4 protein chains.
Amino acid sequence: MIITVKSNADKDQLNEFQSWLTNQGYTLHPSQGANYTLIGVIGDTSALDARLIESLEIVDKVTRIQEPFKKANRKFHPQDTIVDIGGVKIGGGHFAIMAGPCSVETPEQVIECAHAVKAAGATILRGGAFKPRTSPYSFQGMGPSGLELLEAAKKETGLPIVSEVMDPSQLQYFDNVDMLQIGARNMQNFTLLKEVGKLRKPVLLKRGLSATYEEWLMAAEYIMSEGNEQIVLCERGIRTFETKTRNTLDVTAIPMMHELSHLPIIMDPSHAAGMSRMVRPLSLASTGGGADGLMIEVHNDPAKALCDGPQALRPDQFSDLTKDIFAMREIVIKHNLNK
Amino acid sequence: MIITVKSNADKDQLNEFQSWLTNQGYTLHPSQGANYTLIGVIGDTSALDARLIESLEIVDKVTRIQEPFKKANRKFHPQDTIVDIGGVKIGGGHFAIMAGPCSVETPEQVIECAHAVKAAGATILRGGAFKPRTSPYSFQGMGPSGLELLEAAKKETGLPIVSEVMDPSQLQYFDNVDMLQIGARNMQNFTLLKEVGKLRKPVLLKRGLSATYEEWLMAAEYIMSEGNEQIVLCERGIRTFETKTRNTLDVTAIPMMHELSHLPIIMDPSHAAGMSRMVRPLSLASTGGGADGLMIEVHNDPAKALCDGPQALRPDQFSDLTKDIFAMREIVIKHNLNK
Amino acid sequence: MIITVKSNADKDQLNEFQSWLTNQGYTLHPSQGANYTLIGVIGDTSALDARLIESLEIVDKVTRIQEPFKKANRKFHPQDTIVDIGGVKIGGGHFAIMAGPCSVETPEQVIECAHAVKAAGATILRGGAFKPRTSPYSFQGMGPSGLELLEAAKKETGLPIVSEVMDPSQLQYFDNVDMLQIGARNMQNFTLLKEVGKLRKPVLLKRGLSATYEEWLMAAEYIMSEGNEQIVLCERGIRTFETKTRNTLDVTAIPMMHELSHLPIIMDPSHAAGMSRMVRPLSLASTGGGADGLMIEVHNDPAKALCDGPQALRPDQFSDLTKDIFAMREIVIKHNLNK
Amino acid sequence: MIITVKSNADKDQLNEFQSWLTNQGYTLHPSQGANYTLIGVIGDTSALDARLIESLEIVDKVTRIQEPFKKANRKFHPQDTIVDIGGVKIGGGHFAIMAGPCSVETPEQVIECAHAVKAAGATILRGGAFKPRTSPYSFQGMGPSGLELLEAAKKETGLPIVSEVMDPSQLQYFDNVDMLQIGARNMQNFTLLKEVGKLRKPVLLKRGLSATYEEWLMAAEYIMSEGNEQIVLCERGIRTFETKTRNTLDVTAIPMMHELSHLPIIMDPSHAAGMSRMVRPLSLASTGGGADGLMIEVHNDPAKALCDGPQALRPDQFSDLTKDIFAMREIVIKHNLNK
């Protein structure tokens with residue numbers, strides 16, 4: 001941590017401040033510039049509150065050198081983390097597609113959808129039973145019985161399942177769910193993060209709508225600090241000024257997360273734009289950008305398309321798409337192997 | 001709701017779509033433009049999913065006419081809501097200042113702080129016992145015993161108390177707390193919103209860091225839909241591109257919330273900028289803008305300022321400030337009375 | 001245009017307002033809802049000021065149905081525009097890579113760089129002579145003599161050239177430049193847009209840092225309204241809350257611009273992230289997303305890398321990259337042909 | 001400037017880099033941490049390109065200690081700048097209101113409006129002759145003849161005038177205009193900034209819609225670097241995610257600009273929200289926040305309100321408002337005098 005002290009700082013206050021720091025075990029390296037005095041603070045400064053120090057009258061600016069995340073930080077864990085979801089691996093070169101309906105609704109819907117996405121190359125089944133909705137008047141999902149439908153589809157197809165948990169009180173229903181999804185709006189629900197951190201089950205951590213990379217990794221750090229290190233990050237679009245799409249998919253997150261962290265990152269092109277006709281280009285962009293996987297919404301019955309999500313693909317569209325995803329992935333992989 | 005149909009829309013699909021709408025009880029008013037066909041949908045369209053309709057091949061655009069919030073909407077409740085917090089009123093011309101320490105730490109701190117803010121004109125005591133922190137390694141608050149310290153200060157000074165609840169499982173400790181605060185990061189924690197909606201206790205609903213006015217009011221609607229209509233909105237700064245301040249206080253929220261809703265709105269200038277020297281100008285700006293109250297952090301002991309929050313005022317600064325706040329409030333009130 | 005009239009609107013004012021509209025030649029289609037009266041305004045409403053109407057006491061909301069851009073709008077020009085830059089085509093299935101140094105500095109640099117990028121498959125040479133810099137104390141580019149260096153490289157390699165013009169007064173130097181670049185900060189420099197609109201020379205129109213798709217197309221419309229329809233759009237990253245990268249490349253812009261407009265769109269992955277190690281993944285993401293081309297910075301001399309831009313690739317990195325870009329482009333093209 | 005060197009940095013590259021810096025006259029202060037080596041660079045680092053250094057393989061991060069603006073920086077010019085606009089002072093305790101029509105249209109409009117705003121306490125007349133419009137099909141202003149109407153009103157009322165210049169080619173018409181306004185979309189039109197910097201005439205520099213405080217001050221620095229130091233900053237609302245208002249007025253800019261710079265800052269509440277009914281609360285918020293002045297749109301003829309801007313006040317509304325503005329200003333001033 002570097003502390004910039006004002007040129008007109010009161011000497012007594014400065015001395016008192018420096019003593020306060022050294023008493024906590026930090027080593028100080030002051031250096032005198034033309035207009036400023038800088039104090040380098042050496043030691044584990046993650047416990048120091050930068051905002052607090054910045055508020056002192058004698059201080060001009062505080063600069064963190066050390067990143068505040070540790071367990072999620074590639075600097076301290078250079079090897080890629082490989083997450084195992086009921087036998088399906090993601091990360092460290094392993095690529096997987098999660099697909100399925102937005103909301104779980106009927107046994108037929110889930111089973112048919114599971115068969116269709118499996119045939120097209122998806123290896124994990126997704127489906128929402130607890131649905132976070134912006135309006136209290138919208139359908140809030142089937143709840144526990146929706147999870148049972150997913151479990152039945154898993155039994156029939158062998159696909160491991162991922163589904164969203166919104167509150168610690170719902171965790172009791174997720175025993176047979178292979179991966180817990182934390183939604184974008186819960187990325188900083190710290191109580192929930194700690195509770196899933198106590199489990200030994202893979203977590204799919206969606207990025208908050210306006211979260212920075214660091215905040216996202218700090219959310220992962222919350223889970224990891226409780227002992228659960230099986231985390232897959234999921235970018236699902238950030239909020240921008242654009243109103244013609246729901247959100248803006250941030251493909252730069254892929255190489256940046258690979259640089260900052262050892263955790264795998266997958267992309268959700270369905271929710272990002274909120275339009276089925278954008279899923280194809282955004283999926284291929286994500287694959288080209290080096291994502292470790294994709295999460296794609298697929299609906300089972302074109303005849304009832306009106307009841308499915310606007311962002312879902314038909315099975316035939318999904319099947320066409322996965323062929324090209326796998327072909328592009330070959331190009332990306334080949335280059336990585338040559339490195 | 002207005003649906004813009006593409007000029008080259010398939011006639012059969014259009015007919016089928018119109019039947020689907022009329023079967024749900026809506027009346028349709030089509031009108032033919034040069035390049036578009038518009039369909040006005042008359043009836044309570046709050047249950048219709050605009051995104052879903054927009055995804056149909058024949059549809060160009062969907063425009064909501066009706067706002068999706070009802071109980072929070074001034075159109076249906078023209079009278080200002082007045083919220084009563086242990087005898088202190090906010091809204092409908094009633095103005096109140098909530099003040100106190102950021103974190104509750106010791107009995108002396110809370111009692112001294114409570115006396116100081118009361119002497120300066122504050123009528124509600126604030127203090128955090130459960131603290132949402134972006135790092136799992138930071139102090140997470142005293143928890144239940146912190147609430148006991150606030151209750152003791154309430155007993156001694158008579159000031160009603162407000163404190164943040166982060167999860168439904170903590171609600172058991174808030175029986176003697178007069179107002180429940182929902183923090184910015186929990187504004188869309190829908191499970192928590194529903195749970196506090198089942199209580200009959202005033203709620204202070206902070207705006208999410210990137211929430212729109214409509215999303216904020218939809219969060220209030222979640223609480224109100226469960227029966228609890230005692231809500232005070234609190235603007236605490238939104239995220240912008242600026243990095244020199246923590247957040248950017250949105251004073252336009254005051255007149256806009258007064259227009260869109262009947263709920264009172266107060267401002268939190270301490271958290272917005274995150275710097276004590278910004279609290280004065282932002283408090284006066286908020287008062288000038290017509291806020292129904294303010295929430296201000298005050299620390300009790302200037303000698304230990306290093307341990308207090310960087311955004312907190314000293315009692316003497318707070319006392320100087322409240323005089324000017326009350327003087328400005330007179331100017332605002334006088335004009336409103338003359339309207 | 002749909003005008004929502006307040007339920008308590010004064011009858012006289014409403015009549016007066018409706019006369020004002022019909023006197024201007026519009027046909028009105030009123031329809032009565034439960035809580036609102038809607039007035040559909042039929043005719044060319046692009047001349048009506050929505051903000052002005054919205055400010056009337058009797059009006060609740062104004063909704064535009066018609067998009068405000070015409071010449072740039074795919075609805076009125078369904079065929080893809082193909083732009084010809086000194087013989088190189090972009091759009092309508094034609095894909096091209098523009099590459100070269102950030103700033104033009106020496107004859108050797110430009111010539112060597114031109115040869116290198118041509119050998120790797122680039123077909124247009126880029127280079128900056130007039131440089132928009134955020135600090136007045138930074139190097140502002142070589143100016144006219146820089147353009148001469150580009151022209152010499154064009155003569156030697158046959159590559160057409162593109163370079164940025166910052167002000168109408170500089171246009172006199174661009175006679176031999178094949179394509180005029182409008183920078184992101186000048187996207188709404190309306191005087192400049194009109195002046196290049198009077199020329200018959202292709203324009204590369206970069207998106208403003210915080211511009212919406214509609215504002216970007218309105219900037220194109222400014223140029224087209226003066227008669228110049230040879231425009232290539234260029235996405236170069238938008239401003240977001242992220243501070244670890246310079247900007248965030250918006251790949252959704254590719255399919256959205258293809259839907260909204262007939263103009264081609266290329267991507268600039270070099271400026272977006274501002275880091276050379278992000279150029280590869282962002283280039284492949286852009287190609288997968290369906291871009292009509294790429295603009296990539298390449299420096300000529302790895303030994304002097306310190307003097308080149310942080311976002312520039314070495315020629316060998318560029319050459320490795322273009323192979324994979326072309327391979328991915330094949331996958332995208334093949335699918336488009338099968339449509 | 002602090003450079004964080006990677007722990008695994010190549011020794012030779014590091015030595016070469018350090019020589020490169022010392023050869024340029026900088027003194028280096030290295031200090032060794034647990035995971036990083038830090039190099040403090042002492043000297044005038046404003047000429048060093050942080051992005052370039054950050055791109056080196058051995059470098060982890062670069063942190064600027066020195067702000068990149070000098071002439072606009074309060075650190076080097078502690079005294080408030082007082083700007084004189086035809087005899088009216090702004091800054092250093094001097095407060096002024098600029099008012100007038102959005103667009104100049106007829107002689108009667110301008111004269112009547114000038115008389116009305118003068119009577120209500122405004123001391124500078126504003127009015128637009130060259131209008132930046134997002135659509136090429138909208139009215140672009142009267143141009144030079146509009147400036148003549150302003151000059152006539154100045155002659156009649158004695159009010160100095162301020163009007164927007166959009167391009168250096170228009171400067172020839174501004175000889176009798178007392179203050180040049182640079183619009184938000186031209187804040188980074190560097191050619192224009194340099195040209196007005198060569199004049200000796202006060203400049204009103206509006207903040208760009210998404211500009212940070214530093215970018216705004218760097219735009220001022222561009223003007224000042226050419227010798228013109230008579231600059232008044234003007235906050236006019238920033239772009240946020242909110243769609244119910246045009247822009248979001250940032251009142252925190254007032255105390256922050258007063259801290260960072262010696263230049264005065266005024267607020268434009270009319271353009272910020274784009275609604276006349278928001279002008280009053282935003283004006284009072286701005287005054288409470290400590291602004292050095294206000295710029296407010298007023299239209300002259302309520303009967304023709306339909307032709308005036310939606311954000312303009314009627315003269316009677318303006319006159320009611322200025323009374324309260326001046327009363328609030330007294331409260332702010334009294335406190336400042338006691339400091």
Side-chain angles (χ1 to χ4, degrees), chain A residues 67 209-216 237-260 267 269 272-275 277-291 320-321 323-332 334-335 338-339, chain C residues 67 208-216 237-260 267 269 272-273 275 277-291 320-321 323-332 334-335 338-339:
Chain A
E67 282 142 347
L209 276 79
S210 298
T212 61
Y213 298 150
E214 188 171 300
E215 288 170 331
W216 191 9
I238 53 172
R239 182 163 279 188
T240 65
F241 299 137
E242 187 54 55
T243 56
K244 290 198 190 293
T245 51
R246 187 159 59 182
N247 291 118
T248 298
L249 190 72
D250 174 16
V251 291
T252 313
I254 306 169
M256 281 304 294
M257 282 294 141
H258 282 165
E259 182 168 316
L260 294 168
M267 307 292 276
M275 285 178 274
R277 61 189 187 274
M278 295 292 142
V279 173
R280 183 186 169 81
L282 296 183
S283 294
L284 297 182
S286 299
T287 307
D320 271 1
L321 174 57
K323 284 190 198 80
D324 289 347
I325 289 172
F326 292 131
M328 282 211 179
R329 176 69 187 165
E330 284 305 303
I331 299 173
V332 173
K334 201 177 125 198
H335 176 266
N338 291 342
K339 271 201 302 197
Chain C
E67 280 142 349
L209 276 79
S210 298
T212 62
Y213 297 150
E214 188 171 299
E215 288 170 331
W216 192 8
I238 54 172
R239 182 163 281 187
T240 64
F241 299 137
E242 188 52 55
T243 54
K244 290 198 190 292
T245 51
R246 187 158 60 183
N247 290 119
T248 299
L249 190 71
D250 174 15
V251 292
T252 313
I254 306 168
M256 280 304 294
M257 281 295 140
H258 281 164
E259 181 169 317
L260 294 168
M267 307 293 276
M275 285 178 274
R277 62 189 186 275
M278 296 291 142
V279 174
R280 181 185 171 82
L282 295 184
S283 295
L284 297 182
S286 299
T287 307
D320 271 0
L321 173 58
K323 283 191 200 79
D324 288 347
I325 289 173
F326 293 132
M328 281 208 180
R329 176 69 186 164
E330 284 305 303
I331 299 172
V332 172
K334 201 176 125 199
H335 175 266
N338 291 342
K339 269 201 303 197

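Just so it is clear, the values below take in all heavy atoms, side chains as well, and ignore hydrogens, waters and symmetry mates. Reminder, nothing fancy here: chain letters follow the sequence lines and each chain counts from 1. In this text, all values refer to a predicted model and were calculated from it rather than measured experimentally.
Annotation: maximal heavy-atom pairing with chain A below 4.5 Å, among C:Leu284, C:Thr248, C:Thr287, C:Thr243, occurs at C:Leu284. Contacts with chain C were tallied for A:Glu259, A:Glu214, A:Glu215; A:Glu259 has the most, counting heavy-atom pairs under 4.5 Å. Ranking A:Ala291, A:Ala327, A:Gly289 against chain C, the residue ahead of the rest is A:Gly289, based on heavy-atom pairs under 4.5 Å. Interface summary for chain C: among A:Gly290, A:Ser210, A:Ala273, the most heavy-atom pairs under 4.5 angstrom belong to A:Ser210.
Using a 4.5 Å cut-off between heavy atoms, C:Ile254 makes no contact with chain A at all. Looking at C:Met256, both its backbone and its side chain come within 4.5 Å of chain A, counting heavy atoms on both sides.
Taking OG1 of A:Thr245 as the start and CG of C:Asp250 as the end, the distance is 7.0 Å to the nearest 0.5 Å. For the atom pair NZ of C:Lys244 and OG1 of A:Thr252, the computed distance is 14.5 Å after rounding to the nearest 0.5 Å.
No side-chain heavy atom of C:His335 sits less than 4.5 Å from a side-chain heavy atom of A:Lys323.
Nearest heavy-atom pair across A:Glu242 and C:Tyr213 is OE1-N, 2.7 Å. The two residues A:Met328 and C:Gly288 have their closest heavy-atom pair at CE-CA, 3.7 Å.
Under the side chain to side chain donor-acceptor pair (under 3.5 Å) criterion, C:Glu330 pairs with no residue, sequence neighbours left out. Listed by chain and number, the residues in a side-chain contact (heavy atoms from CB on, under 4.5 Å) with C:Asn247 are C:Leu209, C:Arg236, C:Arg239 (sequence neighbours excluded).
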